[in-house]
Amino acid sequence: MASIDVSVITNSFRITRQAPSFTPFISRLSRLGNLDSQRKNTINTMFVTFNPDLPIAAKRERVIHRLQTSIAPHVFHPRGVYDSRRLLYLSHQLNLPGGGSGRFTVSLGDNPNAQLGARGVFEVLIARTAGGTIRPSDLNRLIVAGQTVDRDTAATATNLLQLLIRQSSNEVNPTNNGRAFFSPEGKKIIENSGIELWRGFFHSVRPTIGQMIVTIDTSMAAIYESGQVLSVAMKILGGNVARDLSLSDDRQLHKVQTHLKGRLVKFRTPGERKNSTKERTKTIYEIVKGPIGRYPFNTRDKATTIQASSLIFFLSIGITLRYPNSFGVRLSGSNAPFAVIVPAELCDVIPGQLYKKRLPSAATSDAVTFATLRPRDRLRTITGGAHNIPSPITTYCTSEYIRDAGMDIETKPLILDAKLLEPPRIRFQDQEVVPRDGSWNVVNQKFRSAKALRSWAVVNLSASIGDELQNRTIAGETLKTYLLGMFVADPMIWRGEGHAVEKTLDAALRNLPNAADMIMVLLPSSAEEIKIRVKYWGDIKRGICTSCLRESKVQRANDQYYNNVAIKLNARLGGQYALPRTIVLDGLQKQGITMIIGADVAHPGPGLSRPSIASVVFSWDRDASQYIALSAVQAPRTEIIPQLDKPVALAIHTFKLQAGLPQRIVFYRDGVSEGEMKKVQEEEIKAVKDACKTVWADLRETRPLPKLTFIVVVKRHHTVFFPNDSRVGDSKGNCLPGLVVDQLKSPLGSDFYLQSHAAIQGSKNICQSLTLLSINPPAARSGHYTVLHDENFNMDLPSIQRLSFELCHVYAKATRSVSIPAPVYYADLVCGRGKYHIDPSLDMDIDGSTTSGGSGTFDLGPWERAYRPVNKNAHFDKTMYFL
C-alpha cells in the first residue's frame with residue numbers, strides 16, 4: 001500500500017517562549033493564593049479527595065477555601081492554590097498529622113461541630129503526589145527531544161500550566177467546566193425542554209517533542225434554561241397557563257422535580273432597612289405541590305398560610321402572589337430547623353448552570369444542527385476570525401497569568417507534514433472495489449460468504465405496520481438478501497402485543513418447524529423497553545439471534561436500507577459480506593498465528609448509581625473479521641479492568657479451538673486518558689502476559705509465549721486537522737480517510753493520529769457525549785494511538801498505522817471505514833449492550849436515572865449477581881450477536 005505526502009493545518013498553537021525560572025510563575029501563584037515563594041524555584045503538589053464525592057467544582061472550591069482559612073489555617077500557611085479538581089499547589093511542604101497525608105472534616109453549614117455524615121459535611125484527604133515537587137528543569141527537559149522526565153512529574157507540571165492558561169478565560173466566563181468555557185452569545189433554546197445550547201471553547205496545554213502547545217477547539221454545552229421557575233416549568237410540561245401549575249398530577253410533579261431539583265435560584269427577601277429588599281441565592285431541594293397559597297407554616301406568634309402572610313411578607317417587598325394555586329419550591333435541606341418554602345413565581349433560575357444529564361431524545365436533532373460547523377468556519381472560529389465569541393487565542397496576549405509565567409503563544413496554528421494512506425481494496429464474492437472517500441457500495445454485489453436463513457420468524461409488535469406493509473417489508477427483505485447471495489426461506493409471520501413480549505416470542509418459537517436461525521421483530525418507533533426485553537430474551541434466555549426493525553424506518557425503507565439489514569443478518573449468522581485486502585495483517589499471519597483483541601470500559605453518567613461495563617472482544621479467524629465478545633460489570637467509573645487476565649485467558653483457550661495457539665497478539669485498548677496510561681501500562685499489560693503464562697502452564701506448552709503489542713486508541717480528544725493541500729481534502733472541507741499525522745509526538749510515548757473515516761455531515765464538535773452534556777464527537781475525528789508495548793513490529797510505526805487502518809475496514813455492518821479499528825468498535829458496542837444482560841423484570845435498569853450519594857456506598861454485588869452471561873445454546877456465545 002502506497003502513501004502520499006500532504007500538508008495539514010491543526011488547531012494547536014506553539015508556546016514560543018518560556019521563562020528560565022519559575023519565579024514570576026510562583027509570584028503569580030502568590031497573588032492567587034497568598035503564597036510566599038521565598039525565592040524557591042519549586043512548587044509542591046498535593047492530591048485532594050473528598051468523602052462523599054463532590055461532583056460540583058464550585059462546592060469543591062468552597063470546601064478547600066474553608067479548610068485553608070477556617071479549619072486548619074495553621075497547616076495551610078501560606079495558603080495553596082487549588083485547581084478545582086484534584087490538585088493543590090503550594091510553595092512549601094505541609095506539616096501534616098499523618099506525615100505524607102492528612103484528613104480533615106469540613107462543614108459548609110453554620111454548625112462547625114457537625115459530624116461526618118450530616119448534610120454539608122465532608123472529609124478531605126490531602127496526600128503528597130507521586131510527582132512531589134515541580135522544578136523549572138522538568139518542563140525544559142520535557143519538551144526537548146531526546147530527554148525524558150517522570151510521567152507523574154510531567155503530568156503535574158503540565159496541569160500547573162493548564163491552570164494558568166485557563167485562569168483568565170474562566171474568570172471572565174463563569175460558565176465553565178474547568179476545561180472549556182461557554183457563552184450565551186447566539187444561544188439556542190430547545191422548545192419545551194427547559195434546556196439551552198451554548199457555544200464555547202475548549203483549550204488545553206500538552207507537551208510534544210521539542211515544544212509545548214495549546215490546543216483550542218470549538219465546543220458546545222447544554223445549559224439549564226434561565227428565567228422564572230414558573231415559566232420554565234410551563235415549558236417543560238408543554239403548557240402555557242400558570243394557573244394550572246399546582247402539579248397535583250404526580251407524573252407532572254416528578255417531571256418538574258427531576259429537571260429543577262438541585263438548581264440554583266435567586267429570590268427577593270426584605271432588606272434590613274424599611275421597604276428595602278435583597279436578593280438571595282439558594283438551591284432547590286424539592287418541588288412542593290400547590291396550591292402554594294394555602295401552604296401552612298408558623299410565624300412567631302401564630303399559624304398562618306403563605307397567601308395570608310403575603311399581606312405582611314410579600315407586600316412588604318412590593319409583591320402580591322398572582323398565582324397562589326401554583327406550586328412552590330423548598331429551599332432548605334432536610335436537616336434545616338424549619339422548612340423554607342417559596343412560591344415558584346418568586347424564584348428565577350440563575351443563568352449558566354451546566355446540564356449534565358442525558359439530553360432528551362427530541363433534543364438531539366437540534367443539538368446536532370447547532371453544533372455542526374463547516375470545517376473552514378470551525379477553523380476561522382478557532383483562530384479568532386469569527387466575531388461571535390472571542391477565541392482564547394485572541395485573549396492570551398492580555399492575560400497577566402500567561403505573561404507572568406513567561407509564556408508567549410503564537411496566534412497562527414501549526415502547519416504539519418502528514419501522509420495519506422492508500423485504502424485497502426474491498427473483496428466481494430465476484431470482484432474487488434476501491435473505496436471512494438472511505439465508502440463503497442454493496443448494491444448488486446454478492447456476499448463473499450453468504451449464510452442461509454432457513455428457519456426464521458417475523459414477529460410484528462407494531463400496531464402501525466399492517467399486513468400490506470408487513471408483507472412488503474418481508475418480500476423486500478427476502479428479495480434483497482437473495483440478490484446478495486443468501487438463501488432465504490419464507491419466514492413465518494406472527495403478530496403480537498408489546499405488553500406480552502416474552503409470551504409472544506415463545507409462541508412464535510414453538511410454532512417454527514425447525515430450530516430458529518433468526519427472529520426478526522418489528523417494533524413501534526418508541527420502544528426502547530420492548531427492545532430491551534427482546535434482546536434479553538434472545539441473547540440471554542434462549543440463545544437465538546434477533547433483529548429489531550423500527551416502524552419509522554420500515555415505513556420509508558429503500559434498497560440501501562434492506563441491504564444494510566441483510567449485511568447485519570448475514571454477519572450475525574457468521575457470514576461476511578466482504579473483506580479488505582490486508583497487507584500488514586496477512587504479513588503477520590505468515591510469520592505466526594495472530595490474534596487481535598479489543599477492550600473497552602463504559603461508565604455511567606454523573607451521579608448515576610450504576611456499575612461500569614467492561615468488555616473484551618477477540619478475533620478467531622485468519623482474516624480477523626469474526627469476533628467473540630466477553631463482558632462484565634465492575635466498580636463505577638473505574639477505568640482499569642480488574643483481573644483482565646481471566647477473560648484474556650478464556651479468549652486464548654477459545655481461539656486455540658478454532659485457529660490454534662496464537663503466536664502474536666495485537667491488543668487495542670479504548671478510552672484510556674493520559675492520566676491512566678501509566679496504570680494501564682503497569683497493570684493491564686502485565687495481566688495480558690500473565691494470562692498467556694497461565695494458558696501455557698495449563699496446556700503444558702513448551703513453545704514460546706506469544707509476542708504482544710499493546711496499543712491505546714482514544715477518539716475523545718480535541719486535536720483536529722484541516723486540509724492545507726488539495727490532495728487531502730474532500731468536498732466538505734474535511735481531510736480524507738487514511739490521514740496519518742505523527743508530528744505531534746508526545747515525549748511520554750510513541751504515538752500518532754489516524755483519521756480513518758469520512759465525515760458524513762461537515763464537522764461537528766460537542767463538549768461531551770449523549771450520556772453527559774450533549775451528543776457524539778465530531779464527525780471527522782481522528783483516533784489518537786499510543787503504542788505502550790511492542791514486541792511484533794520493532795516499533796515500526798508505519799506498519800502499525802497501516803494495520804490499524806486495515807482493521808478500520810473490517811467492521812461487519814458498515815459499507816464504509818470506521819473511526820477506530822473494528823475490534824475496539826465492537827468492544828464499545830458490547831459495553832453499550834450491558835442493559836440487555838439484566839432481567840428486565842428486576843428493578844435494576846442499567847440505563848436508569850437513580851442517583852447515588854457517592855461512589856463509596858456503591859455495592860457491586862447485586863449487579864454481579866444480576867448480570868447474566870450470553871446464552872451458549874448452539875454456540876450462540878460465539879456469534880457476532882452484538883452487531
Side-chain angles (χ1 to χ4, degrees), residues 8-13 169 173 175-177 179-190 195-204 214-223 354-355 359 363-395 411-415 437-438 715-726 728-737 739 741 753 755 757-770 772-784 819:
V8 294
I9 303 170
T10 188
N11 59 332
S12 296
F13 303 80
S169 297
N173 302 276
T175 301
N176 65 79
N177 60 12
R179 300 169 299 164
F181 63 86
F182 308 96
S183 167
E185 184 73 26
K187 70 181 180 181
K188 179 179 180 60
I189 296 176
I190 301 179
I195 300 170
E196 305 173 343
L197 302 177
W198 290 16
R199 288 194 173 97
F201 289 95
F202 165 92
H203 51 155
S204 176
V214 179
T215 298
I216 301 174
D217 198 8
T218 57
S219 192
M220 187 201 81
I223 306 291
L354 291 170
Y355 184 87
L359 271 182
T364 56
S365 177
D366 287 335
V368 170
T369 302
F370 183 77
T372 301
L373 289 173
R374 292 181 300 177
R376 63 175 65 92
D377 293 334
R378 184 176 177 185
L379 179 60
R380 190 164 60 93
T381 302
I382 289 169
T383 55
H387 302 292
N388 44 8
I389 309 172
S391 167
I393 198 63
T394 63
T395 61
T411 57
K412 291 185 177 181
L414 291 172
I415 297 178
D437 292 351
K715 55 184 179 292
R716 291 189 178 93
H717 60 83
H718 286 269
T719 300
V720 186
F721 303 105
F722 304 91
N724 192 44
D725 186 319
S726 60
V728 75
D730 64 12
S731 59
K732 301 182 183 72
N734 288 293
C735 293
L736 289 168
L739 177 74
V741 180
Y753 293 87
Q755 184 177 309
H757 72 308
I760 297 175
Q761 51 170 330
S763 178
K764 299 193 296 289
N765 190 21
I766 299 118
C767 181
Q768 298 184 1
S769 70
L770 266 173
L772 301 179
L773 281 185
S774 316
I775 51 175
N776 18 328
R781 185 183 293 284
S782 57
H784 184 202
S819 58

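The shown structure was predicted, so the numbers you read here are calculated from the model rather than taken from an experiment.
- In this view, L736 and L420, D437, D730 satisfy the side chain to side chain contact (heavy atoms under 4.5 Å, CB included) rule, not counting sequence neighbours.
- Evaluation of the side chain to side chain contact (heavy atoms under 4.5 Å, CB included) rule for D725 yields V6, S7, R727, V728 as partners, not counting sequence neighbours.
- Residue R378 is tested with T372, D217, N11, N734 for a side-chain hydrogen bond (donor to acceptor under 3.5 Å, both in side chains); the sole match is D217.
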message = Let's go through V8 and C735 carefully: what are the C-alpha distance in whole Å and the side-chain angles of both, what is the deciding distance for side chain to side chain contact (heavy atoms under 4.5 Å, CB included) to 0.1 Å, and is it a yes or a no?
response = CA-CA 8 Å; V8 294; C735 293; 4.1 Å; yes

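- Checked against side-chain hydrogen bond (donor to acceptor under 3.5 Å, both in side chains), S183 has no partners two or more places apart in sequence or in another chain.
- Residues S782 and T719 come closest through the heavy atom pair OG-O, 4.1 Å.
- Contact detail for I190 and A363: the closest heavy-atom pair is CD1-CB, 3.6 Å.
- Note that CZ of F13 is 7.0 Å distant from CD1 of I382, once rounded to the nearest 0.5 Å.
- Across every non-hydrogen atom of F370 and M220, the tightest pair is CD2-SD, 3.4 Å.
- Residues satisfying the side chain to side chain contact (heavy atoms under 4.5 Å, CB included) test with S819, not counting sequence neighbours, are H757, Y825.
- Under the 30°/60° scheme for interplanar angles, the aromatic rings of Y753 and H784 are found to lie parallel.
- Of all heavy-atom pairs between P375 and G733, the closest is CB-O, 3.3 Å.
- Remark: side-chain polar atoms of N177 are paired, donor with acceptor, to backbone N or O of R179 under 3.5 angstrom.
- For K188, there are no salt bridge (Lys or Arg N to Asp or Glu O under 4.0 Å) partners at least two apart in sequence or on another chain.
- For the side chain to side chain contact (heavy atoms under 4.5 Å, CB included) test, residues two or more places apart in sequence or in another chain that qualify with I9 are L379, P413, I415, F722, N724.
- The side-chain hydrogen bond (donor to acceptor under 3.5 Å, both in side chains) test applied to T215 returns S12, not counting sequence neighbours.
- In this structure, the side chains of I223 and L197 stay at 4.5 Å or more apart for every pair of heavy atoms.
- With hydrogens and angles ignored, the 3.5 Å screen pairs no side-chain donor or acceptor of E196 with any backbone N or O of K187.
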request  = Go through the steps for T10 and F721 under the test side chain to side chain contact (heavy atoms under 4.5 Å, CB included), then give the verdict.
outcome  = CA-CA 5 Å; T10 188; F721 303 105; 3.8 Å; yes

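- Legend: residues meeting ring pair (Phe, Tyr, Trp, His ring centres under 6.0 Å) with F202, ordered by chain and number and at least two apart, are H718.
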task = Please test N176 against S169 for side chain to side chain contact (heavy atoms under 4.5 Å, CB included), starting from the C-alpha separation and ending with a verdict.
result = CA-CA 9 Å; N176 65 79; S169 297; over 6 Å; no

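- Taking all atoms of both residues into account, the shortest heavy-atom contact from P390 to F181 is O-CZ, 4.3 Å.
- When all heavy atoms of P737 and A758 are compared, the pair lying nearest together is CG-N, 3.7 Å.
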message = Show, in sequence, the C-alpha distance, side-chain angles and deciding distance for T383 and T411, and conclude whether the side chain to side chain contact (heavy atoms under 4.5 Å, CB included) test is met.
response = CA-CA 7 Å; T383 55; T411 57; over 6 Å; no

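- Between F201 and T381 the shortest side-chain heavy-atom distance falls below 4.5 Å.
- Considering OG of S391 and CZ of R380, their distance stands at 12.0 Å, rounded to 0.5 Å.
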